[in-house]
Each structure stands twice: as structure tokens, then as C-alpha cells.
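Right, one structure below, let's go through it.
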Amino acid sequence: MGAESTDAVPRHRYTAALAGAIEQRWQRYWEERGTFHAPNPVGPLADGELPDQKMFIQDMFPYPSGSGLHVGHPLGFIGTDVFARFHRMDGRNVLHTMGFDAFGLPAEQYAVQTGQHPRKTTEENMRTYLRQIRRLGLAHDERRRIATIDPEYYRWTQWIFLRIYDSWYDEQADCAKPIASLEQAFAAGDVSTSDGRAWTDLSADERRAEIDERRLAYISEAPVNWCPGLGTVLSNEEVTADGRSERGNFPVFRRNLRQWMMRITAYADRLIDDLDRLDWPDKIKTMQRNWIGRSYGARVHFPCGDSAIEVFTTRPDTLFGNVALILAPEHPLVERITADAWPSDVDSRWTGGATTPAEAVAAYRRAASLKSELDRQENKDKTGVFTGTYATNPVNGERIPVFVADYVLMGYGTGAIGVAPGEDQRDWDFVTVLGITPVRTVQPPAGHPDDTPYPGDGPHVNSSHENGPSLDGLNIDDAKKTITAWLEEHDHGKGAVQYKLRDWLFSRQRYWGEPFPIVYDETGAAHALPESMLPIELPEVDDYSPRTFDPDDADSMPSPPLSRAGDWVEVELDLGDGPKTYRRDVNTMPNWAGSCWYQLRYVDPTNSERFVDPANERYWLGPQDAHGPNDPGGVDLYLGGQEHAVLHLLYSRFWQKVLFDLGDVSSDEPYRKLFNQGYIQAYAYTDARGSYVPAEEVSESDGEFFWNGQKVNQEYGKMGKSLKNVVTPDDMCETYGADTFRFYEMAMGPLDVSRPWATKDVVGAHRFLQRLWRNVIDESTGELRVTDTEPSDEDLRALHKTIDGVRGDYDGLRFNTAGAKLIELNNHVTKAYGKSGTPRTLAEPLVLMLAPLCPHVAEELWSKLGHDNTLAHSTFPVADERYLIEDTVEYPIQVNGKVRSRITVSASATQDEVKATALAEEKIAALLNGEPRKVIVVPGRLVNVVL
RNA sequence: GGGGCCGUAGCCCAAUUGGCAGAGGCACUGGAUUUAGGUUCCAGCCAGUGGGGGUUCGAGUCCCCCCGGCCCCA
């Protein structure tokens with residue numbers, strides 16, 4: 001831009017350059033004065049007086065990605081900032097900050113490729129991230145920034161792990177308790193040992209095993225997705241439908257491996273039931289309920305040789321139709337019950353072509369281990385092999401064959417099912433393949449096809465036995481009650497609740513995560529390290545990748561990166577038995593660990609004595625009377641994307657509840673109110689060859705799109721480098737300033753709705769700020785142009801209506817309509833005073849109301865209006881009711897639903913007066929033919945005359 | 001396949017929750033400023049709410065069916 005053109009612009013116009021200067025100045029001001037420091041009740045962050053009303057606002061923990069931010073990332077951050085600034089201006093003590101969920105795979109993979117320590121990469125990324133968000137003017141308390149990779153942070157993550165490890169779930173009391181009380185309970189006989197022997201009869205090792213088995217954090221042989229080609233276990237999400245790793249496309253095997261587990265299932269009921277006390281979107285609550293998947297049914301024992309197979313079913317009423325049993329391929333009884341030889345009359349469809357049951361089962365199990373769980377559940381082509389063994393159906397004494405089939409999963413129920421083809425599609429498909437005849441136990445309605453199961457309700461049939469119960473004629477509910485009572489009475493089983501939720505696999509064979517504060521002695525027994533040894537810091541290693549194997553070597557064992565840090569792994573310690581050599585646990589915690597409790601650390605980030613001081617925790621997170629008697633407490637607003645609907649939010653709730661049970665925190669839920677923001681998406685364009693072209697260089701003409709003269713194809717979706725459609729907040733700050741960007745981003749639409757980014761629309765927000773600026777400042781002289789003129793009655797009505805509306809909008813996270821109302825008021829001011837100067841009584845509240853959305857320009861104008869202090873605290877205007885009440889009301893008058901005329905009456909007119917005036921109105925009277933059939937008067941709204 | 005959410009002007013979105021379809025922005029048109037373009041300012045223009053049926057005095061809003069899009073579960 002040349003000198004000539006800048007001359008044309010008035011010197012004091014609100015341009016991007018001026019905006020940039022203002023923004024930097026105020027960002028420095030806020031930082032230097034600690035404007036957004038939120039005082040704590042106690043500790044280093046305490047600072048004199050404490051407002052009684054607090055507001056704790058939290059964004060979902062960002063991962064500091066290396067590729068930088070695009071305009072979609074800060075949408076939620078700006079939203080929470082506007083909300084936070086509004087409440088701070090309304091007098092509340094507002095805690096809002098941001099830290100980093102900084103452990104994770106991308107930095108580790110980068111380290112594997114380049115040899116650069118993941119900490120270095122991560123810290124660089126965090127700096128970039130902070131620089132980018134700092135430009136946006138987010139009012140964070142920067143003293144409270146934390147990162148999960150800081151040893152002073154993960155020290156407490158490890159501490160919480162030990163708290164969980166050191167507790168058990170007391171079913172009677174329905175809460176977690178310290179492990180010491182379990183020992184007492186065992187000794188007193190309140191809790192029985194696994195084999196029923198008396199506690200005093202157990203050896204020390206046996207006692208330890210009993211206790212270890214009941215811990216909330218425990219080691220188990222759990223089936224996991226083992227990927228030898230990558231050298232690590234994978235989460236289900238990382239495995240493709242055809243049973244291979246998403247990354248690298250290596251085979252993935254279901255293997256039992258010793259892994260840390262968290263007993264989240266102990267909390268299944270509370271995690272479901274407490275959802276009712278949360279102010280969360282119904283959608284997320286539903287997703288959590290479905291994930292936990294509570295169902296009521298029965299556990300039934302089917303005698304089988306000298307053992308018994310336990311089955312869980314949600315339909316015990318269909319037991320008479322159980323024509324077979326199925327064990328999951330991983331079921332521990334499979335080997336024991338598999339027969340030596342096929343019965344002489346075995347059906348060829350049952351043998352898998354093998355000469356003995358053992359061969360058939362072994363081959364089948366091997367094939368099943370190659371399939372993903374998803375695949376096993378979804379596959380419509382059912383398979384299975386006969387074990388050569390029969391079990392006895394307890395309700396009728398019939399001999400039924402026992403199969404192994406992979407659509408039965410070990411992780412759900414007991415890993416064994418009774419096959420009820422008459423009422424279940426999967427079972428129907430299964431028996432069809434194996435040539436077994438289905439038996440219906442519920443009579444389908446007339447017209448139901450003969451070749452499909454009937455899962456609906458109806459009278460039971462074929463459901464009685466001389467020595468057993470009779471369900472015939474009963475509906476499902478009554479049949480379930482009857483059969484469950486019968487099973488319990490005859491000791492064949494009992495009513496049971498089943499959950500889809502499984503315990504949480506808590507170890508990973510990675511480098512870049514929290515080490516476990518656990519060592520193993522020479523017998524392999526785990527020992528917790530004392531609190532005084534925390535944090536257990538990550539050792540330096542030469543190679544950040546786990547050892548990998550032949551991709552098809554299913555029997556290989558994981559060898560995590562930490563296992564090769566020899567000096568670190570072998571450690572001599574005195575854990576009470578004198579100095580001994582121990583081996584450290586070489587796994588690391590999963591990425592979720594650090595984000596399970598960060599709201600607690602934000603509250604007291606510098607505390608070196610405790611993970612959080614109870615006084616600070618109670619003040620910021622404790623239950624509050626204002627929220628009613630059942631208030632769970634927690635963060636006042638938690639904002640983030642829906643992608644964390646289940647895992648993070650469930651894990652976090654679980655940890656919170658454990659800490660609550662142990663008396664470490666005062667609230668039993670971490671997040672009282674949850675809000676999901678939408679996503680900003682973008683158009684992308686491909687040329688004739690399908691390559692992406694730079695979106696910013698594409699122009700539209702008559703609904704078609706062109707780039708460099710050639711026609712291109714429009715796509716809609718994510719913003720990303722590979723799609724060549726990235727717009728960054730830095731670009732927007734450069735072109736328009738952060739305030740314009742903030743305003744536009746909030747004005748685009750409701751916060752919870754996804755929408756397309758449109759750079760060309762941003763200018764509208766910029767023009768608004770220019771007009772508002774001009775209403776306060778003379779563009780050419782820079783002088784204030786406010787006056788002491790008394791505002792008109794109309795002005796005051798417009799002003800107070802805006803105050804009233806904007807307050808409600810800010811509080812309800814409706815920033816788009818708040819912005820529109822401010823534009824409207826500003827347009828009113830421009831029209832009335834654009835030439836003469838704005839009355840101060842209008843200018844000041846307008847500036848204050850703008851501040852949450854556009855804080856820099858608002859501070860600048862506020863200071864130019866003669867105020868020495870920041871507007872950040874306790875300045876938000878309050879509407880005067882007087883100006884919200886109208887003297888007169890205009891009523892549209894409809895005749896048969898169509899507006900035919902209007903009348904203006906006093907606001908105090910009664911319904912009868914309004915009706916009379918309406919009917920007397922000239923045009924309406926002319927349409928009337930005698931008495932109307934009906935006249936509807938909606939007070940304050942309209943009149944409808946029905947002829 | 002099951003469940004949920006959403007379709008309002010050329011585009012992004014409002015609509016006091018069943019009461020006058022339009023607040024705000026973009027684009028567009030005209031005018032002012034400017035040597036001109038751009039900027040800026042002022043004024044104006046545009047739909048009857050995806051389609052069909054129902055309830056109601058009255059439906060964008062409630063109910064049913066269909067179409068299109070997104071999400072979750074299988």
C-alpha cells in the first residue's frame with residue numbers, strides 16, 4: 001500500500017493497523033497488571049477479598065498440535081472468553097485459564113522419526129499455540145497454566161493413580177474405601193475370600209493376591225489388541241474393521257496380556273444414575289447411558305460334565321428355546337470341556353472339517369483372534385464349531401450341544417450365551433448355518449414370516465416342563481419374573497444386572513506418557529512406590545519406539561521403549577523389607593490420564609503439598625446452594641466438542657467419584673454444565689484431475705467455481721493443509737484485528753451449530769466496529785465526540801431493551817444475537833447522532849456491552865471516555881425496568897388468520913377494550929357481517945377475528 | 001438396519017417457544033465521498049420457511065409420511 005492511499009484514510013479510523021496497535025497495548029496492560037488473576041481462598045494465589053459469587057469456566061484441554069491453529073480451533077475458546085468476561089463484568093470471581101494435554105502420540109511419532117525428544121517438540125508447539133491464542137485477547141489467568149507433561153503435574157497424576165490403586169469398592173456401602181479397610185473386612189469375615197477360606201488360613205502371598213484382585217487399579221490378563229508389527233497394544237478405535245492397524249495396516253491379534261486395568265465398572269450404576277443431576281446436553285447423556293449399557297437379566301448355570309457353564313441373558317424368559325450354548329473363543333472353559341472325539345453321528349457342518357474337536361476348536365480360535373471385535377459382532381455370516389460336548393438346560397433337562405462361535409465376546413456378560421433363535425436374529429442366523437431347528441417360545445402375531453425370529457412381546461409357548469416352571473401364556477415381563485424366581489429357588493441362577501461397560505485398559509507400550517509409580521519384586525508382585533518418591537520421571541532413552549516384531553508373530557511379547565532404559569528399570573529400594581532390587585513397570589499411562597483431573601489442578605496449580613487444597617477445591621468446585629439440594633458441584637461451564645462425549649467425560653467422572661469417595665474432593669461430579677460447540681468447516685475445491693487448488697484463489701460466477709480460468713469442483717468439509725483451504729486466526733488478526741475476528745466468529749451463528757467459514761463475510765464485523773468507533777471518536781482528529789446531551793425517551797428505550805436482551809444472550813451463550821443487538825443499537829445511535837456527537841449516556845453502556853465480544857477496542861474507548869481503570873470488573877450495565885415497559889401496544893388484526901389492519905392501544909388496555917377497538921376499526925368493521933364467530937385476543941401480541 | 005439432530009432470502013443466520021416470517025451480516029442495486037479504482041458512508045432489493053398431509057382461530061414452531069444433510073449405535 002503506497003503513501004497516497006494511506007493519506008486517503010482518516011488518521012484515526014479504526015483500521016486493522018490501529019486495531020493491532022490497540023490490541024497489543026491492552027494485552028500487555030492486562031498481563032502486566034494481572035487483570036484476569038482470579039483470587040483463591042487460600043495459598044499463594046489468595047489475594048485479599050474474595051467475591052462470594054464465583055464462576056469456573058473451562059475449555060476442553062487442547063493437544064498442542066504442531067501444525068498450528070486454524071480459525072475453527074479457537075471458536076470455543078472465544079465463546080468461553082466472552083462468557084467469562086461477561087460474568088466478570090457482572091461482578092463474579094471468574095476462573096478461566098488454559099493448559100495443555102501434552103502427552104500423546106504425534107510428538108512421540110515425530111521423535112521416533114527424527115530422534116528429537118518429544119518434550120522439545122511438545123514445548124515448541126505449546127509456545128506456538130500460546131502465541132497464537134494470546135493474539136486473540138483471551139482473558140486467562142496465566143498463573144494457572146499447566147501441562148500434563150510437567151513432572152510437577154504428573155506427580156499428582158501418579159499420586160491419584162496410587163489413591164485408586166490403594167482402594168477397593170465396598171458394594172455394601174456403595175463407595176470406594178482405602179485398601180486397609182478391606183483387610184479388616186476380610187479379617188472380620190464381612191468380605192469373603194475368593195475360595196471361601198478364612199482370612200487367617202491364607203498365607204501372606206495369598207492374602208496379597210486377594211487384596212490385589214480387588215483393587216480399583218489392578219493388573220489383569222485382559223484380551224487386548226496386540227499389534228506385533230507396531231510393537232504395541234492398540235485401542236479399539238485404532239483397529240480397522242478388517243482387523244488391522246489403522247496405522248501401518250499390520251495384523252492385529254486379540255491376545256491376553258498382563259495389563260493395568262481401572263475398575264470403572266464398579267461405578268457403572270452411579271455413572272448412569274448421576275447423569276440425571278447434570279446440566280448436560282441430552283444427546284451426550286444418552287450416549288453415556290448407551291455406552292455403559294445397563295441391562296437387567298439373569299445368570300443361569302448349565303451343567304456340563306463335571307463343570308457348569310454360566311450364561312448371562314437379558315431374556316431368561318426364552319430359556320426353553322435354548323437349543324444350544326455358545327462359548328466365546330477365549331472362554332477359559334473351552335479347553336476343559338472340548339471332547340476327545342466327535343460323536344459318531346456328528347453333523348459335518350459342526351466340525352469345521354477337522355478330525356477331532358480339539359483341532360477344530362484350535363483352528364477356530366486362531367482364526368477368531370485375527371478378527372476385530374467390531375468385525376465379529378457385525379459379521380452377518382455366522383460361524384462356529386462344536387466342542388463335541390453337551391450341556392443340560394436346567395429348565396427342561398434337555399441335552400444341548402456346546403459350540404464355540406466368535407460372535408460371542410468374552411468381554412460381555414460371562415462370555416457364554418444360550419442360543420435362543422426364536423427371539424434373536426443373530427442366534428437364528430447361527431442355527432441356520434449349523435442346521436439346528438429353531439424353537440419359538442414367544443408366539444409371533446399373525447402374519448409374522450416363518451423364517452425370521454420374533455423379538456417382540458407376546459404370549460409364551462413351548463415353555464413348560466413337568467419338573468420345571470411354566471411360562472406358557474405369560475408376556476415377557478411376567479415370564480422374566482417367574483423364571484428368575486424359579487432359577488433362584490432351585491439354585492440354577494439368579495437375577496443379574498449386566499453392563500456393556502468394561503474395565504478401562506490403562507497401560508500403553510509407549511514412551512510419551514506418565515510412568516507408573518509401581519515396581520515389581522523378584523516374585524513379580526507389584527509394589528506401590530511411596531508418595532515421597534513421586535514424581536517418577538521419564539528416563540532418557542536412545543530410541544522412542546517400542547520393539548517391533550514380525551507382523552504375523554502373534555505370540556511375540558510387547559517390549560515397550562521404557563524396558564530398554566536399563567539403569568532406570570532396575571532400582572534398589574527399601575520398601576520396608578530392607579534394600580532389595582526391584583524392576584519398574586515399563587508401561588505408561590494412556591493419554592486420558594492427565595485430562596481426568598485437570599479441573600482440580602487449575603484450582604490450585606502451584607500447590608506442592610497436595611494435588612489441590614480442600615478450601616480452594618470447595619470454593620471453586622464444591623456443590624452450591626444456588627444450584628439446589630442435589631447439586632453435584634463441578635465446573636460451572638465446560639465447553640468442548642462432542643468427540644469426547646463418552647471416553648474422556650466418563651473417565652473423568654470416574655476419577656472424580658473415586659476421589660470423592662476417598663474424601664479428597666467435595667463434589668462427586670467434575671462438570672456441572674456441559675456445552676458442545678459446533679465446528680467451523682470450509683469449502684475446498686478440486687480441479688479436473690482431482691487435485692486441490694488454493695481455496696482463497698477460487699472465484700464464483702453463476703453458481704460455478706473457477707480457479708485460474710478453469711472450472712473447479714466445490715467440496716465441503718474440514719479445514720486442513722491438504723485441502724488447501726486453511727484460514728488462520730493470525731491471518732484474520734493481520735487483516736482485520738482480533739476484535740473483528742472474535743466478533744465475526746461469534747456472530748456467524750449459534751455456538752453449538754457447525755457452519756462454513758466465509759472470509760468475505762468478516763468485513764461486516766469490521767465495518768460495525770468502525771461505525772461504533774466513529775460514534776465515539778472523530779476519525780480525523782482523534783478527539784472524543786461524545787456530548788452531554790440528554791438522550792431521548794426513544795434512545796433510552798432502545799438502550800435498555802438492548803441491555804436487557806444482551807445480558808440474557810451473553811448468559812445463554814447466544815453470542816450471535818447479542819452481536820446483532822449491539823449492531824442494532826449502534827445503528828440507532830448513528831442515525832440519531834451520527835452528525836452531532838453521541839450522548840455519553842449512550843456511548844458508555846454501548847462500549848461496556850461490546851467489551852465481552854471485542855475487549856481491546858472496548859477498553860480503548862472506555863479509557864478515551866476518561867476512565868482510568870480497566871472495564872473488566874463489575875461494570876456491566878443493568879437495564880432499568882422503566883424503559884422496558886411500553887406505554888402503547890400496536891396490535892395487528894387478523895381476519896381468519898390474515899393481517900387486515902392494525903390498531904394502537906394503551907398497554908394497560910384490557911382484553912375486552914382491545915377486542916372492542918379492533919372490531920370498531922374501520923377496515924375490520926367493513927369486513928364484518930354481523931357478529932364474528934370468535935375473537936381471539938393474545939395480550940400484547942395480536943387480535944384474530946374469525947368470521 | 002435402529003436412534004437422534006437439522007433443512008427459513010443467492011449465502012451465513014434471527015423469529016419473545018403456537019401469535020405480524022426478518023433482527024444482524026455478506027452478496028447485489030442505486031446514491032454520496034474520490035481524478036478513478038478501492039475504502040468509507042447512506043438508501044434500497046430479495047423468500048413465505050425442503051415436499052406432502054394433519055391438528056388449530058392461527059404452524060417456521062406440534063403430529064404423520066417422503067426427500068436431502070450431519071451425528072451416534074449396530
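Numbers restart at 1 for each chain; the letters A, B, ... are given by sequence-line order, proteins then strands.
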When rounded to whole Å, the CD to C1' distance for the pair A/Glu779 and B/rU39 reads 11 Å
As its Watson-Crick or G-U partner within any shown strand, both distances under 3.5 Å, B/rC70 has B/rG4
When you look at CD of A/Glu734, are more than 12 heavy atoms from neighbouring residues, nucleotides or ligands closer to it than 6.0 Å?
no
**OP:** Measure from NZ or CZ of A/Lys382 to the centre of the six-membered ring of A/Tyr407, then state whether that distance is under 6.0 Å and the direction lies within 45° of the axis.
**Re:** yes
Q. For atom P, what is the distance between B/rG50 and B/rA14, given to the nearest Å?
A. 14 Å
Sticking with atom C1', work out how far B/rG4 lies from B/rA74, rounded to a whole angstrom.
15 Å
query: Distance check: side-chain N/O of A/Lys934 vs OP1/OP2 of B/rC57, anything under 4.0 Å?
result: yes
For a quick check under 3.5 Å, do A/Thr830 and A/Asn775 share a side-chain donor-acceptor pair by atom type? yes
So, with a heavy-atom separation below 4.0 Å from RNA chain B, the residues of residues 805-833 of chain A are A/Asn816, A/Thr817, A/Ala820, A/Ile823, A/Glu824, A/Asn827, A/Thr830, A/Lys831
note: A/Ile284, atom CD1; B/rG4, atom P; distance rounded to Å ~ 16 Å
Practice task
Look at the side-chain N and O atoms of A/Arg771 and state whether any lies under 4.0 Å from the OP1 or OP2 oxygen of B/rU40.
Solution key: no
Residues passing the salt bridge (charged side-chain N to carboxylate O under 4.0 Å, His left out) test with A/Arg882, sequence neighbours excluded, are A/Asp880
### Query
Quick one: does A/Glu860's side chain get under 4.5 Å of A/Val776's, heavy atoms only?
no
Residue pair A/Lys283/A/Gln770 against RNA chain B: nearer the 5' end by closest nucleotide is A/Gln770
A/Thr15 near the nucleic acid: base, sugar-phosphate alone, or nothing, with a heavy-atom cut-off under 4.0 Å?
nothing
When rounded to whole Å, the CG to P distance for the pair A/Asp424 and B/rG1 reads 19 Å
Rounded to the nearest 0.5 angstrom, the CD-CG distance for A/Gln288 and A/Leu501 is 10.0 Å
**Asked** Between A/Arg767 and B/rC26, is there a side-chain N or O to OP1/OP2 distance below 4.0 Å?
**Response** yes
Query raised in the report: Say you pick atom P in B/rG19 and the same atom in B/rC11; how far apart are they, in whole Å?
Result: 26 Å
Exercise for the section: With P as the reference atom in both, quote the distance from B/rU33 to B/rA15 in angstrom, rounded to an integer. Expected result: 40 Å
Testing B/rC13, B/rC41, B/rC73 for proximity to the side chain of A/Lys500, the answer is B/rC73
Exercise. Could you tell me if the ring centre of A/Trp428 sits under 6.0 Å from that of A/Tyr454?
Key: no
Between A/Gln642 and A/Arg755, whichever has its closest RNA chain B nucleotide further toward 5' is A/Arg755
Worksheet item: Does A/Lys801 NZ have over 12 foreign heavy atoms under 6.0 Å away?
Response: no
pair_partner(B/rC62), Watson-Crick or wobble, both distances < 3.5 Å, evaluates to B/rG54
Among the nucleotides B/rC26, B/rC57, B/rC12, whichever has the atom closest to the side chain of A/Val763 is B/rC26
By the Watson-Crick or G-U definition, both distances under 3.5 Å, B/rA32 is matched with B/rU40
Any strand, both distances under 3.5 Å, Watson-Crick or G-U wobble: B/rA9 pairs with none
Checklist entry - Quantified in whole Å, what is the P atom distance between nucleotide B/rU35 and nucleotide B/rC20? => result 50 Å
Per the O4'-C1'-N9-C4 / O4'-C1'-N1-C2 angle with a 90° window around 0, B/rU17 comes out syn
>> Tell me whether the NZ or CZ atom of A/Arg289 lies within the 45° cone about the ring axis of A/Trp280 and under 6.0 Å from its centre.
In response: no
Span that lies between the C1' atom of B/rA59 and that of B/rA21, in whole angstrom = 12 Å
Quiz item: Any side-chain heavy atom of A/Val914 sitting closer than 4.5 Å to one from A/Tyr891?
Solution: yes
Side-chain atoms of A/Arg774 come closest, of B/rU40, B/rA14, B/rC57, to B/rU40
Surrounding CD of A/Glu643 (heavy atoms of other residues, nucleotides or ligands, distance under 6.0 Å), is the total greater than 12? yes
Relative to its sugar, using the 90° cut-off around 0, the base of B/rG38 is anti
Quick note, A/Met287 side chain, CB onward, closest among B/rC13, B/rC26, B/rC72 is B/rC72
Check: protein-nucleotides 18-20 of chain B nitrogen or oxygen pairs below 3.5 Å:
from: B/rG19; atom 1: O2'; to: A/Arg941; atom 2: NE; distance (Å): 3.4
from: B/rC20; atom 1: O2; to: A/Arg902; atom 2: NH1; distance (Å): 2.6
from: B/rC20; atom 1: O2; to: A/Arg902; atom 2: NH2; distance (Å): 2.5
from: B/rC20; atom 1: N3; to: A/Arg902; atom 2: NH1; distance (Å): 2.9

Task: Pairwise P distance for B/rG30 and B/rU17, with rounding to whole Å - done: 42 Å
> Roughly how far apart, to the nearest Å, are B/rC46 and B/rU39 at atom P?
Replying inline: 25 Å
